[in-house]
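Down below is the structure, laid out as structure tokens.
All values below were derived from every heavy atom in this structure, side-chain atoms included, with hydrogens, water molecules and symmetry-related copies excluded. Counting starts at 1 for both ligands and their atoms, following the listed order. Computed from a predicted model, the values in this text were never measured in an experiment.
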Amino acid sequence: MCLNGKHILVGISGGIAAYKIPDLIRRYKKSGADVRVVATANALRFVTPLTLETVSCNPLYSDVFDNREPRTTAHVSLAQWADIFVVAPATANVIGKFAAGIGDDALTTQMLAFGGPRLIVPAMNEAMWHNPIVQANIRTLQDIGGMEVMMPATGELACGVSGEGRMPEPEDILTATQDLLTPQSLEYQSILITAGPTVENIDPVRFISNHSTGKMAYALADECRARGASVTVISGPVSVKAKHSDIEIIGVTTAQQMYEAALTCHAKNYFDGVILCAAVADYRPKTTSGSKIKRHEQNISLDLEPTKDIAAALGKVKRQPDEWMLGFALETNDEQVNALKKMDSKNLDFIVLNSLRDEGAGFGCDTNKVTIFTRGKKEGKELELMSKAQVAKAIVDHIVEHKNK
Ligand code: PMT
């Protein structure tokens, strides 16, 4: 998921976890965001202005009387500039000031001036975290609209003991920031996704499979989840992982197992949409040898039989007109004709064409180049080569746009 063009204001208060914030800023920048930093005097005892200005590529704001922009005051202009205000680490002291509405330095006045979404990331010693006053202050912040408090992690703390109070890792703060900036266009919706390859055994040693890594499907699962949907993924064997632990993963190996899992899951639950992204084997060995097939100096033939078509089977039981289904077409020739035929024969509402003739598209890589076709329209929406996370975003945007018409 990208943060292209987003303005992120990072607030740092004086805790040891401040040393991780340059890494967080670097991740925001890598995701396409512009970052500005406001820090307390104590934060600057843990991390230097030079480091923060170098990684953010912007001047640091730490003095409430900073007058670099003479026509306005920094806390007002930054508040207008930022799309989100992320305070990490948030110490017990700064949380107390936020809860009481105190503005006595650059960070806390900034909080009072800012009206957009705020992400507060507490980090402190376990005893301080469990202090009833701190907990009461946390509840006060949670009751304020637009203020999200990320719960601290459990682990080794700077004071040498292990416990609750540790700042979540920069990667998790990045994901939480992305979630807060993502429109909840799939809120209260349920989405079923098939993902990855299937594996069909020839004997205990060999199998038939394909190059799917699951990256495209899991990027779609993450995007749907970030937009508020509850997501179930029926996944062939992959090493990629979903970003959110509340994405339900049902692991399968063969095309037959994926078929049974998908049909059962679909019959038992109410889904608003289904995304068929798995690269399912079209054929499997008619029999699987119980022992390793021995090598001889002559040709052998494998008797293959067709597998069941999951997309077509779900297309038959789709609830018309409120349930939508989106399939993928992986092609090497006559791309558009084949994709449109598949959309029709499987009763899909959308089909996403990726061609192995396009460099950087399809299997394995982190990018894809796709054209999205909508039922009833001959012309597709052709997208540039982009990351699979960006493709997922564009696909979900397309679905939301067309389903709300
Ligand atoms: O996993 P990655 O490495 O990120 O690669 C992504 C991808 C290339 C696998 C993905 O973008 C993709 O194109 N997935 C579909 C691959 C495929 O099998 O396409 P197809 O044209 O053979 O199938 C058409 C549609 O029918 C697909 O939605 C497929 O999931 C579905 N199908 C096919 C056969 C079958 N037995 N059951 C099915 O549901």
Next on the checklist: Students should be able to answer this: which protein heavy-atom is nearest to atom 27 (C) of ligand 1, and at what distance?
Outcome noted: Phe328 O, 2.9 Å
Item to check | Salt-bridge contact Lys308-Glu260 (side-chain N to carboxylate O under 4.0 Å) | outcome: no
Next on the checklist: Can you report which non-hydrogen protein atom sits closest to atom 2 (P) of ligand 1, along with the distance?
Outcome noted: Thr213 OG1, 3.3 Å
Next on the checklist: Between the side chains of Lys318 and Asp349, is the shortest nitrogen-to-carboxylate-oxygen separation below 4.0 Å, so that they form an ion pair?
Outcome noted: yes
Checklist entry - Any idea which of Lys215, Lys388, Lys342, Arg284 brings a heavy atom closest to atom 20 (P) of ligand 1? => result Lys342
Next on the checklist: Can you pull out every salt bridge (Lys or Arg N to Asp or Glu O under 4.0 Å) where at least one residue sits in residues 183-206? Sequence neighbours excluded, please.
Outcome noted: Asp203-Arg206
Checklist entry - Which option out of Leu220, Thr198, Asn354 puts a heavy atom nearest to atom 11 (O) of ligand 1? => result Asn354
Item to check | Distance-only N or O hit between ligand 1 and Ala217, under 3.5 Å | outcome: no
Item to check | Closest heavy-atom pair and its distance - Cys265, Leu192 | outcome: SG-CD1, 4.0 Å
Checklist entry - Would Ala255 count as a contact of ligand 1 if the rule is a heavy atom under 4.0 Å away? => result no
Checklist entry - Considering only heavy atoms, does Thr307 approach ligand 1 within less than 4.0 Å through its side chain, its backbone, both, or neither? => result side chain
Next on the checklist: One residue to check: Asn338. Relative to ligand 1, which of side chain, backbone, both or neither has a non-hydrogen atom less than 4.0 Å away?
Outcome noted: neither
Next on the checklist: Considering Ala278, Gly327, Pro306, Ala281 one by one, which has a heavy atom nearer to atom 29 (C) of ligand 1 than any of the others?
Outcome noted: Ala278
Item to check | Qualifying salt bridge (Lys or Arg N to Asp or Glu O under 4.0 Å) pairs with a residue from residues 21-33, counting only residues at least two apart or across chains | outcome: Asp23-Arg26, Asp23-Arg27
Checklist entry - Just distances here: any N/O of Cys365 and N/O of ligand 1 closer than 3.5 Å? => result no
Checklist entry - For atom 39 (O) of ligand 1, what's the nearest protein heavy atom and its distance? => result Ala311 N, 2.9 Å
Checklist entry - Below 4.0 angstrom, N of the basic side chain to O of the carboxylate: do Glu331 and Arg357 qualify? => result no
Checklist entry - At under 4.0 Å between heavy atoms, which part of Lys308 makes contact with ligand 1: side chain, backbone, both or neither? => result backbone
Next on the checklist: If you take the nearest heavy atom of each of Gly196, Gly236, Ala279, Cys277, which one is closest to atom 14 (N) of ligand 1?
Outcome noted: Cys277
Item to check | Residue selection (non-hydrogen contact nearest atom 1 (O) of ligand 1) among Gly362, Ala339, Ser212 | outcome: Ser212
Checklist entry - Purely on distance, is any nitrogen or oxygen of Gly214 under 3.5 Å from one on ligand 1? => result yes
Checklist entry - For Lys346, is the nearest heavy atom under 4.0 Å from an atom of ligand 1? => result yes
